[in-house]
Colleague: 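Below is a structure I'd like to ask you about.
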Amino acid sequence: MKNKMNALFTVNLDGECFWSGMFEGTEKRPKTLSMGDYGIKRGLDRVLKTFRDHEVKGTFFVPGLIAERHPEAVEKIRKDGHELAFHGYTHRPMHLLTTEEMEEEFARGTAVFEQVCGCRPIGFRAPEGEVTEEAFQMAEKYGYRYSSSLYDNDMPYWHSGEKKGLLEIPMNWNIHDFPYFAFNYGPAFPIGQSRVSSYQRVTENYVEEFDAYLHYGLTYVAQFTPQSIGSPGKIQILEKILEHMEAERENIRILTGEELYQEMSEETNE
């Protein structure tokens, strides 16, 4: 007998900030930046439409700089009723930041959401690259209630080890589209240039992980990136995953990060 499970569909709307945050001098590389821009101009609309077609509410992790530069994109997300969550300000890897720089990331990024979006997110996901204990402490300082930044479990847990503080909602690289598809000649990404993956096999990976998570009653946290999943061909991967899930809809609950946090907080207080 299959167990019921929770599923989260999360989106990293990194835009051009992925490339500028990962590589110095990228502001002078319009071809590289254009890949991130594609996610804003074209990919996001396809992701939002697919979610609407399947009645899915997701969690969108957005760098503050992207919200600042592309307020119309954030408004589309809000209009469809999805959760907005924090993904740094510039999307620079947090392990490379000084304490002062990290403070600025959280302060400026949080302020942008309040000013541009009129909301105060409770969710935090560290940008690509390493995260630090100091970053988790900073997240709590700025009022974030949950993180989705680590890969050490397939069930949510409290960072403190007790039922309080920052909740971690872990992920799995196997159900993250960007490592399968991200590619750039210069700067080389990935180093060695071995990509792009088979669309069919990536779809099967997501589906096989879904079936296993359902069998064991785990928390399925899928990640998608509009600049990769949002192409005319690859958006079908997301469509097929959601179509596969339809047959099991009565056995799963699709939640946002905020909904999962609220539920676990209520359980803690009982």
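Computed over heavy atoms, backbone and side chain alike; hydrogens, waters and symmetry mates excluded.
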Colleague: Could you grab the distance from atom CZ of Phe86 to atom CD1 of Ile122, nearest 0.5 Å is fine?
Modeller: 14.5 Å

Colleague: Could you tell me whether the side chain of Thr225 and the main chain of Gln227 form a donor-acceptor pair under 3.5 Å?
Modeller: no

Colleague: Picking from Tyr89, Phe124, Phe113, what satisfies ring-ring contact (aromatic ring centres under 6.0 Å, His included) with Phe106?
Modeller: Phe124

Colleague: Between Asp80 and Lys76, is there a salt bridge with N-O shorter than 4.0 Å?
Modeller: no

Colleague: Say whether, by atom type as modelled, one donor and one acceptor occur between the side chain of Glu101 and the main chain of Thr98 under 3.5 angstrom.
Modeller: yes

Colleague: Quick check: does any side chain N or O of Glu259 sit under 3.5 Å from a backbone N or O of Thr256, one acting as donor and the other as acceptor?
Modeller: yes

Colleague: If the plane angle is over 60° it's perpendicular, under 30° parallel, otherwise tilted; pick one for Phe224 and Phe9.
Modeller: parallel

Colleague: Test your reading of the model: is there a side-chain donor-acceptor pair from Thr10 to the backbone of Ala222, 3.5 Å cut-off?
Modeller: yes

Colleague: I'd like to know if the side chain of Asp152 pairs up with that of Tyr157 as donor and acceptor (distance under 3.5 Å, no hydrogens or angles considered).
Modeller: yes

Colleague: Are side-chain N/O atoms of Glu134 and Thr99 paired as donor and acceptor at under 3.5 Å?
Modeller: yes

Colleague: In terms of side-chain heavy atoms, does Tyr142 have a donor or acceptor partner in Glu103 at a distance below 3.5 Å?
Modeller: yes

Colleague: Spell out, as yes or no, whether a donor-acceptor pair under 3.5 Å connects the side chain of His87 to the backbone of Arg125.
Modeller: yes

Colleague: So which atom in His244 and which in Phe210 form the shortest heavy-atom distance, rounded to 0.1 Å?
Modeller: CD2-CD2, 3.5 Å

Colleague: Is Glu239 salt-bridged to Lys49, going by a charged N under 4.0 Å from an acidic O?
Modeller: no

Colleague: Ring-plane angle category for Phe51 and His82, please: parallel below 30°, perpendicular beyond 60°, tilted otherwise.
Modeller: tilted

Colleague: Determine whether the side chains of Asn174 and Tyr206 contain a donor N or O and an acceptor N or O closer than 3.5 Å.
Modeller: no

Colleague: Would you call Lys234 and Asp177 a salt bridge, taking side-chain N to carboxylate O under 4.0 Å as the test?
Modeller: no

Colleague: Before accepting this row, confirm whether a basic side-chain N of the pair Arg253/Glu263 lies closer than 4.0 Å to the acidic partner's carboxylate O.
Modeller: yes

